[in-house]
Amino acid sequence: MEWPIVRIALICALGLLLLSAGIEDARTREIADRKNIAIALIAPLWWWSSGWALWPDIAIQIALGIGLFLLFALAFRVGMMGGGDVKMIAALALWLPPQPLMRMLLLMSLAGGAVTVAMLIDQRVARARRSGPIEVPYGVAIAIAGLLLLREPIFNPFLPR
């Protein structure tokens, strides 16, 4: 059974959480764990409201989330990414089947490149004020990619899955 009203509420909640996390990362270079936990914990409600079969759909989503967490944890280990960014990618992976997830990762990479270029330009312009390596708020890129994905057909509460 599908529940369009519940799906609309969950999509709105996800959008607000992504927007909030992106703004927080831009301001503080941190993403609160409670936001990533909320994204992850409302994913099962999304599965239920979308009428996903228990297995293998859910098992695939959990495997994708764990796999991406482990992959990006390596980037964290070498200092290329923050811990909140890694958790946000994994939490968002719980929402997206494989093909939309690949699109999200591509959009995230493109947005991350744009954010990095913007940070480099800002550092050059503000050279007198700051020195040292730049801290790229990659959560902004993840949030942008996630928000763009909300236009995908899988998020249309009025289309059958």
If every non-hydrogen atom of [X] is compared with every non-hydrogen atom of [Y], which pair is closest and at what distance?
| X | Y | result |
| --- | --- | --- |
| Gly65 | Ala93 | CA-CB, 3.9 Å |
| Gly139 | Met88 | O-CE, 4.0 Å |
| Gln61 | Leu94 | NE2-O, 3.2 Å |
| Ile42 | Ala13 | CD1-CB, 4.0 Å |
| Gly146 | Met104 | N-CG, 4.3 Å |
| Arg103 | Glu152 | NH2-OE1, 2.6 Å |

Is the shortest heavy-atom distance from the side chain of Ile144 to the side chain of Leu107 under 4.5 Å?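 Answer no - side chains too far apart.
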Show which side-chain atoms of residues 67-80 pair as donor or acceptor with protein atoms under 3.5 Å away, not counting sequence neighbours.
none

Does Trp46 form a side-chain contact (heavy atoms from CB on, under 4.5 Å) with Ile11? I'd like the steps, not just the answer. CA-CA 8 Å; Trp46 171 253; Ile11 292 165; 3.6 Å; yes
Would a distance-only check, ignoring hydrogens and angles, find a side-chain to backbone donor-acceptor pair under 3.5 Å from Arg29 to Glu135?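 Side chain of Arg29 to backbone of Glu135: a pair is present.
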Just by modelled atom types, is the Gly84 backbone N or O under 3.5 Å from a matching donor or acceptor in the Asp33 side chain? no
Test Ile89 against Met108 for side-chain contact (heavy atoms from CB on, under 4.5 Å), laying out the working first. CA-CA 10 Å; Ile89 293 168; Met108 180 186 79; 3.7 Å; yes
Distance in Å, [X] [atom1] paired with [Y] [atom2], rounded so as to fall on 0.5 Å steps:
| X | Y | atom1 | atom2 | result |
| --- | --- | --- | --- | --- |
| Asp85 | Tyr138 | CG | OH | 9.0 Å |
| Ile39 | Ser20 | CD1 | OG | 9.0 Å |
| Leu92 | Ile142 | CG | CD1 | 8.5 Å |
| Lys87 | Lys35 | NZ | NZ | 13.0 Å |

Linked, directly or transitively: [X] and [Y] (ILVMFWY side chains, under 4.5 Å):
| X | Y | result |
| --- | --- | --- |
| Leu147 | Leu106 | no |
| Leu110 | Leu149 | no |
| Leu16 | Ile31 | no |
| Leu96 | Met102 | yes |
| Leu41 | Leu18 | no |

Derivation and outcome, side-chain contact (heavy atoms from CB on, under 4.5 Å), residues Leu10 and Trp95: CA-CA 11 Å; Leu10 293 171; Trp95 286 73; 4.1 Å; yes
May I have the list of side-chain donor-acceptor pairs in residues 114-121 shorter than 3.5 Å, sequence neighbours left out?
unit_1 : atom_1 : unit_2 : atom_2 : d
Thr116 : OG1    : Gly112 : O      : 2.8

Would Ile23 and Val140 count as a side-chain contact (heavy atoms from CB on, under 4.5 Å) if you check the C-alpha gap in whole Å, the side-chain angles of each, and the deciding distance to 0.1 Å? CA-CA 7 Å; Ile23 291 169; Val140 172; over 6 Å; no
